[in-house]
Protein chains: 2
Amino acid sequence: MAAQQIKFGILGCAEIARKVSRSISIAPNAILYAVGSRSLEKATKFAKENSFPDSAKVYGSYEAVLDDPEVDAVYVPLPTSLHLKWAVLAAQKKKHLLLEKPVAINVKEFDVILEACEANGVQLMDGTMWMHHPRTAKMKEFLNNPQHFGQLKSVQSIFTFAADSDFLENDIRVKPDLDGLGALGDAGWYCIRSILWANDFDLPKSVTALPGPVFNKAGVILSCGASLHWEDGRVATFICSFQSNLTMDITATGTKGTLHVHDFIIPFEEHKASFTTATETWFNELVSAWVPKPSEHIVMADISQDAHMVKEFSRLVGNIKFEGSKPEKKWPILSRKTQLVLDAVKASIDKGLEPVEIVY
Amino acid sequence: MAAQQIKFGILGCAEIARKVSRSISIAPNAILYAVGSRSLEKATKFAKENSFPDSAKVYGSYEAVLDDPEVDAVYVPLPTSLHLKWAVLAAQKKKHLLLEKPVAINVKEFDVILEACEANGVQLMDGTMWMHHPRTAKMKEFLNNPQHFGQLKSVQSIFTFAADSDFLENDIRVKPDLDGLGALGDAGWYCIRSILWANDFDLPKSVTALPGPVFNKAGVILSCGASLHWEDGRVATFICSFQSNLTMDITATGTKGTLHVHDFIIPFEEHKASFTTATETWFNELVSAWVPKPSEHIVMADISQDAHMVKEFSRLVGNIKFEGSKPEKKWPILSRKTQLVLDAVKASIDKGLEPVEIVY
């Protein structure tokens with residue numbers, strides 16, 4: 001079994017890399033193998049604090065991780081503006097890529113990354129952890145059940161959190177040269193993904209930003225929203241923000257059913273998550289109560305959703321490495337569609353809230 | 001006490017009038033006194049089936065109810081296009097008005113009704129029952145608490161129900177000459193009211209309909225939505241529809257807190273209702289769970305929210321009748337603001353989704 005473990009290198013010591021280091025150590029088919037930072041001291045400290053095995057390699061540069069022939073895959077939590085350079089270089093060095101979201105500054109840059117992955121036969125997956133929670137599959141079962149949910153009609157999604165003053169001053173997500181997409185790239189990514197997920201990744205016809213996006217002095221988005229529209233009348237809206245208390249919902253309505261989830265990105269609890277469904281709900285005779293009431297479903301997770309993500313990524317990498325399989329195309333396609341819609345929201349904001357057609 | 005009871009006349013035998021007849025019989029300060037229909041037979045049947053006292057008057061016309069000097073107040077559940085005529089006539093006959101929503105086809109017609117009420121010193125209240133549930137006051141307490149909720153930033157509201165084929169063919173709410181506002185007037189009214197309610201009835205600067213409104217062959221709205229926008233960056237969206245399973249949510253985010261309610265219009269249960277709040281929620285150290293988790297609040301209702309509505313309306317009418325008070329201006333103002341925003345959504349749809357400024 002140990003021989004089949006995928007050896008991970010981590011580029012940089014971002015806060016989120018602490019969580020993913022733990023995910024790698026939990027996933028049975030993955031191993032923390034190397035970390036690189038521009039500062040060897042930081043990398044050493046990071047490895048020590050995040051339970052890297054004593055045998056792990058600690059490097060004073062990102063290049064050194066990519067040059068280590070033992071590294072199978074890299075986790076890239078670098079600022080979005082650095083994805084193009086480092087993801088392409090990693091692919092060229094034949095390293096499989098677990099890439100943080102947003103995957104790029106725009107889909108044009110992402111396509112360069114995708115080409116490099118394809119040319120070098122490496123797997124790409126983005127770091128959208130909730131996609132891998134067993135709850136997500138259960139919710140999708142409900143949405144895809146014609147008797148219980150019917151045809152999808154609307155999705156409302158929201159992801160907000162109240163950034164503190166330090167974040168709003170110093171975080172890479174408010175710096176135009178680092179994560180220039182701000183709250184849209186960070187929080188909006190999840191909302192867009194949830195909407196596409198509910199729509200079986202059928203892209204909308206058009207996207208229109210909501211009035212009143214809020215920017216910081218450097219022009220980075222702190223709050224915004226959009227509506228998405230499909231030819232057959234399906235509609236979706238989302239709001240994303242660094243300026244409201246932590247909130248993360250999906251509300252999906254179908255002709256026969258309704259889905260609610262309030263912690264879709266990070267479950268309230270690590271090993272137990274729930275969602276609520278209703279099917280053909282109506283009222284009692286005098287319309288003073290519901291019949292039936294919506295019901296709650298609880299899903300247990302043996303390992304955390306982030307460990308599930310690493311496990312699935314490592315399984316695909318293992319298939320390539322040990323069995324000669326091709327990379328799984330599903331994941332890069334989902335990343336690209338999400339980025340495409342994200343770009344359209346940004347374009348609509350830049351064009352004074354004009355509708356922007358989605359061209360795949 | 002009996003002498004202080006407000007005597008109600010009901011105009012017509014609409015389905016909703018059955019529910020409100022019960023509300024009147026439950027409210028301690030109200031009494032079912034008369035019902036009028038264009039058919040005496042229907043009125044007689046209605047009175048019998050809805051527990052009117054034997055002494056109740058049964059009339060073969062609406063006029064006869066208005067001409068009965070004993071009638072203090074009328075409940076008007078007639079199709080919206082008839083509100084102007086019958087509400088004005090009722091006011092001229094000095095009958096206080098409990099008027100179903102939407103209160104009029106547009107604010108211009110509603111202003112004629114308001115003038116008649118003012119000229120004749122009668123109380124007007126619309127039939128938005130959830131405003132009177134004790135839960136609503138509790139939720140408002142939370143929203144107005146600067147420590148627990150902070151400043152309001154966003155509201156998402158939805159009200160959909162899956163109308164059956166009979167409704168979609170025959171209900172007055174899909175007939176252009178009866179309830180020409182369709183799903184916007186019926187379901188959208190509640191969404192708009194909830195958004196204004198969360199915003200302390202501070203009107204938005206502008207309203208923009210969402211792409212993709214759905215119409216029936218006669219041009220009546222079956223599904224639509226809108227975004228609302230305030231100068232200071234507050235934003236709201238809503239979706240209303242006759243084409244999705246029963247769903248009725250408010251999600252409000254503030255700088256410090258979040259409110260969720262999933263049955264705001266009709267509580268799941270008649271005498272017990274809940275809502276969920278969160279204050280300064282964040283994550284545990286590795287962002288794998290929430291700290292603290294949102295908390296549920298349960299509010300008991302001694303009598304149903306519709307009976308609370310009748311009780312409050314009757315209290316105001318009693319103040320006028322027995323104590324010489326003036327009509328309470330709050331309720332007509334809330335009706336007018338709701339209608340004003342509703343008109344703006346309709347105008348935005350009619351203008352091809354242009355933003356429409358709100359002018360009070």
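The sequence lines fix the lettering, A, B, ..., with proteins before strands; numbering per chain opens at 1.
- Ring pair His262(A)/His262(B) is tilted by interplanar angle, where 30° to 60° counts as tilted.
- Proximity of a side-chain donor or acceptor of Trp282(A) to a complementary backbone N or O of Leu246(B) within less than 3.5 Å is not detected.
- Looking at Glu280(B), its side chain never comes within 3.5 Å of a backbone N or O of Asn245(A) through a donor-acceptor pair.
- Ranked by heavy-atom pairs under 4.5 Å with chain B, the first of Gly233(A), Ser154(A), Gly254(A) is Gly254(A).
- With a 4.5 Å cut-off on non-hydrogen atoms, Thr251(A) touches chain B through its side chain but not through its backbone.
- Using a 4.5 Å cut-off between heavy atoms, His260(A) contacts chain B through its side chain alone, with no backbone atom that close.
- Only the side chain of Arg22(A) has a heavy atom closer than 4.5 Å to any heavy atom of chain B.
- For the residue pair Thr160(A) / Thr253(B), no side-chain donor-acceptor distance below 3.5 Å is found, with atom types taken as modelled.
- Contacts with chain B were tallied for Asp263(A), Ile16(A), Ile158(A); Ile158(A) has the most, counting heavy-atom pairs under 4.5 Å.
- The backbone N or O of Gln243(B) lies less than 3.5 Å from no partner atom in the side chain of Lys153(A), so there is not a single donor-acceptor pair.
- For Asp232(A), no part lies near chain B; criterion is any non-hydrogen pair under 4.5 Å.
- For Pro211(A), the parts sitting under 4.5 Å from any heavy atom of chain B are the backbone and the side chain alike.
- Side chain of Gln156(A) to backbone of Ser157(B): a donor-acceptor contact under 3.5 angstrom is found.
- In this structure, chain B has a heavy atom under 4.5 Å from the side chain of Thr208(A), while its backbone stays farther away.
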Practice prompt. For Lys19(B) and Phe283(A), run side-chain contact (heavy atoms from CB on, under 4.5 Å): C-alpha distance rounded to whole Å, both residues' side-chain angles, the deciding distance at 0.1 Å, then the answer.
Written response: CA-CA 12 Å; Lys19(B) 178 172 179 173; Phe283(A) 301 115; over 6 Å; no
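- With a 4.5 Å cut-off on non-hydrogen atoms, Thr276(A) does not touch chain B at all.
- Taking OG of Ser227(B) as the start and CD1 of Ile239(A) as the end, the distance is 9.0 Å to the nearest 0.5 Å.
- With a threshold of 4.5 angstrom between heavy atoms, Ser304(A) does not approach chain B through any atom at all.
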